[in-house]
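Inspection log for the structure reproduced underneath, given as structure tokens.
Owing to the predicted nature of the structure, the values given are computational and were not obtained by experimental measurement.
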Amino acid sequence: MKRLVKKALRPAVDRLRRLVKDSVAESIKQNVAAPDQDVYNQQIQRSICNQYALFRSTGAAPYPNIRDAGFRVYSQSEEDGIILYVLSMIGIKTRRVVEICCCADAFFRSKRDCLLYPPTLAAAWVTAENVNDLLSKSGCAGEVDLFSLDIDGNDYWVWDAITTINPRLFVVETHNVIPADKSLVIEYRPDFCYLKQTGAARMYLGASLLAMVKLCRRRGYRLIGGHRHGFNAFFLREDEGQKFFPEVSIESVHDNHWSRWNQETNWPLVKDMPWKQV
């Protein structure tokens, strides 16, 4: 299967290499600045989407684990590639994305593609009490293709409170310092900020993957995998992508060097902090 995937994706990769090589050579020849790198990123991603469409038409998923699809263009780790893969396989529907804690105003202002149709950005302290109002005022309501949540604190409580949007794909940061068999979250405080804490207490934040799995099941979502470091988890709504993305175990998401090291080294330092069992 891996040979089949490599063979299928090779034309797109080769095309990108030729584009970059030819463009750089022409830029040097003409003594002008090289074109915007975003152009190449868009072209190669569209080529990859076309390859995924071929797999989708055959009813076969090219990867046994979604983290194998990962790559990074703008994301912190390789979430870009995983999101592209999942949405390509289930089909893009609403073309609407919601991200809480993107910190990206300068980023979007620097992008030519956002000049005429910029995203709606709102600066606010997000709590379980105000999240739905903030989403509504930002024009976010109903079904969205993707919802990303990463606030390093009350992630569990904010997701539990959200009723305004109905994501198809949900990406959330969990705290993989907590072992796979423990369903723990921080106690809810609207003003919680881990940066105000010191020492090992800075690792008292967020929720375990098991706690998030339980909440997502209650909301109608299943765990389909994580990125290669095991703390960013991906959930699909139950009516989406069953053919390509079955539910996976928490242990499989934590089966990586960082999760094992984190739990062996840091869990003893924070296990007695005021975690709440859910």
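The aromatic rings of Phe231 and His229 sit parallel to each other, their planes meeting at less than 30°, with 60° as the upper class boundary. Ring geometry for Phe192 versus Tyr204: interplanar angle over 60°, hence perpendicular rather than tilted (30 to 60°).
Taken to the nearest 0.5 Å, the OG1 atom of Thr174 stands 9.0 Å off from the CD1 atom of Ile250. Within the model, atoms CD1 of Ile90 and CD of Glu240 stand 4.5 Å from one another, a figure rounded to the nearest 0.5 Å. Note that CD1 of Ile82 is 5.0 Å distant from CD1 of Ile66, once rounded to the nearest 0.5 Å.
For the 3.5 Å distance criterion, the side chains of Asn176 and Gln263 fail to qualify, holding no donor opposite an acceptor. Inspection of the Gln42 and Asp113 side chains reveals an N or O donor paired with an N or O acceptor under 3.5 Å. Under the 3.5 Å distance criterion, with hydrogens and angles disregarded, a donor-acceptor pair is assigned to the side chains of Thr127 and Asn130. Side chains of Asp133 and Ser136: a donor-acceptor N/O pair is absent below 3.5 angstrom, by distance only. Side-chain atoms of Tyr74 and Asp38 include a donor-acceptor pair closer than 3.5 Å.
Residues Leu169 and Val213 fall into different hydrophobic clusters, defined by Ile, Leu, Val, Met, Phe, Trp and Tyr side chains chained together at heavy-atom separations under 4.5 Å. The hydrophobic cluster containing Trp159 also contains Ile151, counting ILVMFWY residues as joined when their side-chain heavy atoms lie under 4.5 angstrom apart, directly or transitively. Hydrophobic clustering of Ile, Leu, Val, Met, Phe, Trp and Tyr side chains at less than 4.5 Å, counting indirect connections, keeps Trp258 apart from Trp267. Following chains of ILVMFWY side-chain contacts shorter than 4.5 Å, one can reach Trp157 starting from Tyr221, so the two form part of one hydrophobic cluster. Under the 4.5 Å side-chain heavy-atom criterion for grouping Ile, Leu, Val, Met, Phe, Trp and Tyr, Phe108 is not connected to Ile100 through any hydrophobic cluster.
With respect to Arg72 and Glu78, no salt bridge is recorded, no charged nitrogen being found less than 4.0 Å from a carboxylate O. For the pair Arg237 and Glu143, the salt-bridge criterion is met [side-chain N within less than 4.0 Å of a carboxylate O]. Using a 4.0 Å cut-off between charged side-chain N and carboxylate O, Arg228 and Asp68 make no salt bridge. Checked for salt-bridge contact, Arg260 and Asp255 meet the test: a charged N lies under 4.0 Å from a carboxylate O.
Nearest approach of Ser75 to Asp80, heavy atoms of both residues: N-OD2, 2.8 Å.
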Should Phe107 and Cys114 be marked as a side chain to side chain contact (heavy atoms under 4.5 Å, CB included) after you check the CA-CA gap, both sets of side-chain angles, and the distance that decides it?
CA-CA 10 Å; Phe107 171 82; Cys114 299; over 6 Å; no
Any chance you could lay out the side chain to side chain contact (heavy atoms under 4.5 Å, CB included) test for Phe71 and Val73, step after step, and finish with the verdict?
CA-CA 7 Å; Phe71 62 79; Val73 179; 3.6 Å; yes
Before giving the answer on side chain to side chain contact (heavy atoms under 4.5 Å, CB included), spell out for Arg168 and Arg96 the whole-Å C-alpha distance, their side-chain angles and the decisive distance to 0.1 Å.
CA-CA 10 Å; Arg168 300 170 68 217; Arg96 301 173 70 220; over 6 Å; no
Please evaluate residues Arg56 and Phe244 with respect to the criterion side chain to side chain contact (heavy atoms under 4.5 Å, CB included), reporting the C-alpha separation (whole Å), side-chain torsions for both, the decisive distance (0.1 Å), and the verdict.
CA-CA 8 Å; Arg56 186 177 65 190; Phe244 302 115; 3.8 Å; yes
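Trp275 contributes no side-chain N or O that, together with a main-chain N or O of Ala207, makes up a donor-acceptor pair within less than 3.5 Å. Listed for the Ser88 side chain is a donor-acceptor partner under 3.5 Å among the backbone atoms of Leu84. The backbone N or O of Thr163 lies less than 3.5 Å from a partner atom in the side chain of Asn132, making a donor-acceptor pair.
For Lys111, the NZ atom is densely surrounded, since the number of other residues' heavy atoms within 6.0 Å is greater than 12. By the 6.0 Å contact criterion, CZ on Arg202 is enclosed, its count of non-hydrogen atoms from other residues, nucleotides or ligands being greater than 12.
At least one side-chain heavy atom of Asp152 sits under 4.5 Å from a side-chain heavy atom of Glu173. Using a 4.5 Å heavy-atom threshold, the side chains of His175 and Leu205 count as touching. Between Met89 and Pro62, the closest side-chain pair of non-hydrogen atoms falls below 4.5 Å.
When each of Tyr85, Phe235, Phe234, Tyr63 is tested with Phe245 by the rule ring-ring contact (aromatic ring centres under 6.0 Å, His included), just one qualifies, namely Tyr85.
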